[in-house]
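Written below as structure tokens is the structure these notes are about.
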Amino acid sequence: MTQSHFKESIYVSEMEVSATLAVLMEAERLRKEGVDLIDLGAGEPDFPTPRNIKDAGEQAIESNFTRYTATSGIAPLRQAIVDMMRRDFGTSYDPSEVVVTVGGKQAIFNAMGTLLNPGDEVLIPSPYWVTFPEIAKFFRARPVIIDTEPDDFLLTARAVSNAIGPRTRLLIINSPNNPTGRIIPPDEFRKIAEVAAERDVWIISDECYLYFAYPPAVPFTAGQLSEDLRSRVMICGSFSKSYAMTGWRLGFGLGPKPWIQSMLKVQSHSTSNANSMAQKAAIEAATGQQDSLRAMIGEYKRRRDWVVPALNAIEGIECAMPEGAFYVMPNMKRLLGGRVRDSIELSKLLLDDARVVVTAGSAFGMEGYIRISYANSLEAIQEGVRRIGEVAGKLSGR
Ligand code: PLP
């Protein structure tokens with residue numbers, strides 16, 4: 001290997017490598033050795049992409065739809081996204097208010113990069129998806145964390161109001177939430193948007209789990225806010241989770257035209273456009289039959305309904321019933337403090353002793369908890385929870 005004097009830029013030097021990486025790398029190593037692991041760490045659907053969507057992608061390749069597209073995404077897809085949001089949530093956007101991106105992540109990155117100036121503050125409710133604070137830092141902005149634990153992990157207008165200061169420029173909302181699975185009730189969502197508007201704060205609404213709301217909970221998108229409030233919100237959406245398309249890398253930004261235009265500028269000088277075949281597949285996802293989406297949602301609900309009581313039946317674990325996404329975040333505090341000090345050590349123990357992969361709460365800025373993903377078969381979840389119970393039994397008998 002050649003020696004290198006590479007020194008990374010100031011933009012990246014403050015970026016943190018995920019604390020959970022060591023556990024994930026160990027899991028990867030064990031998997032390669034053929035060890036039987038139960039993976040409750042996954043952040044993606046365990047289902048294959050539905051057949052009709054795959055067919056549309058194949059058809060795009062066969063018909064040589066393999067060239068650059070418009071930076072904003074092809075017009076039929078932008079129209080399909082607008083129509084999908086109208087059909088499912090009653091919103092009314094114009095296709096000029098859409099940019100198709102390389103996954104929801106690129107929409108979030110570009111939305112932040114086009115809004116933030118050095119020294120601006122970004123309100124990030126914790127627990128948070130780890131990418132939010134790291135992108136803020138990349139643009140020399142300062143993450144300001146709002147702890148939602150005292151409010152049962154629901155962001156409130158009061159907490160937002162208390163956190164806004166003279167330098168606050170942006171609030172990030174992620175509902176349904178990764179990692180808690182909680183959904184902000186529509187009335188509170190409106191109040192939050194009002195508080196932000198009164199204080200001249202913009203909003204990114206990360207809605208990549210929008211469809212994952214289990215009855216009686218209903219999904220709520222920022223697109224359902226009044227025209228006035230909505231004009232300060234960039235929705236960052238994704239096909240990754242709803243249509244089991246994580247690898248296709250297809251997402252979108254939906255928001256005020258000037259903000260979209262600015263994001264287009266950045267995109268035209270970075271990725272140019274989202275993958276052309278994936279765009280065709282996404283049209284089918286948005287406009288084709290929705291049976292597989294409904295079936296997946298039904299299956300996730302069945303798993304959630306099993307996993308929450310099963311975790312609560314384990315001595316030392318408390319788990320609230322979340323309304324959506326495909327995660328639960330049990331409180332493990334009663335098992336910590338002795339042999340195992342924190343959530344990272346607990347996730348390591350679960351991997352070493354029980355061969356179960358979970359994500360430590362500290363990865364989301366929330367010590368004392370772990371995140372369990374139920375994007376795995378019910379059989380695997382049942383075996384995983386049984387093994388977690390065994391480890392918990394040993395710890396509580398310490
Ligand atoms: N936002 C949240 C909260 C996520 O969990 C993820 C993926 O894990 C994303 C956004 C981005 O997903 P993608 O870029 O695949 O659309």
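Atoms within each ligand, like the ligands themselves, are counted from 1 in listed order. Below, each value reflects all heavy atoms present in this structure, side chains not excepted, and no hydrogens, waters or symmetry copies. Along the sequence shown, residues carry numbers from 1.
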Legend entry - Pairs satisfying ring pair (Phe, Tyr, Trp, His ring centres under 6.0 Å), at least one member in residues 257-292, at least two apart: W202-W259
Inset, instruction - Would you please write out the protein residues whose heavy atoms approach any atom of ligand 1 to under 4.0 angstrom, listed by chain and number? - result: G103, G104, K105, I108, W129, N174, N178, D206, C208, Y209, S238, S240, K241, R249
Inset, instruction - Can you label the angle between the F138 ring and the F109 ring as parallel, tilted or perpendicular, going by 30° and 60°? - result: tilted
Legend entry - Spacing of CG belonging to N110 relative to OG belonging to S270, to within rounding of 0.5 Å: 5.5 Å
Legend entry - Whether Y374 and Y214 hold their rings parallel, tilted or perpendicular, with breakpoints at 30° and 60°: tilted
Legend entry - With R169 via side chain to side chain donor-acceptor pair (under 3.5 Å) - residues at least two apart: none
Inset, instruction - Could you list who else is in M329's hydrophobic cluster, with ILVMFWY side chains joined at under 4.5 Å, directly or through other members? - result: F153, M366, Y369
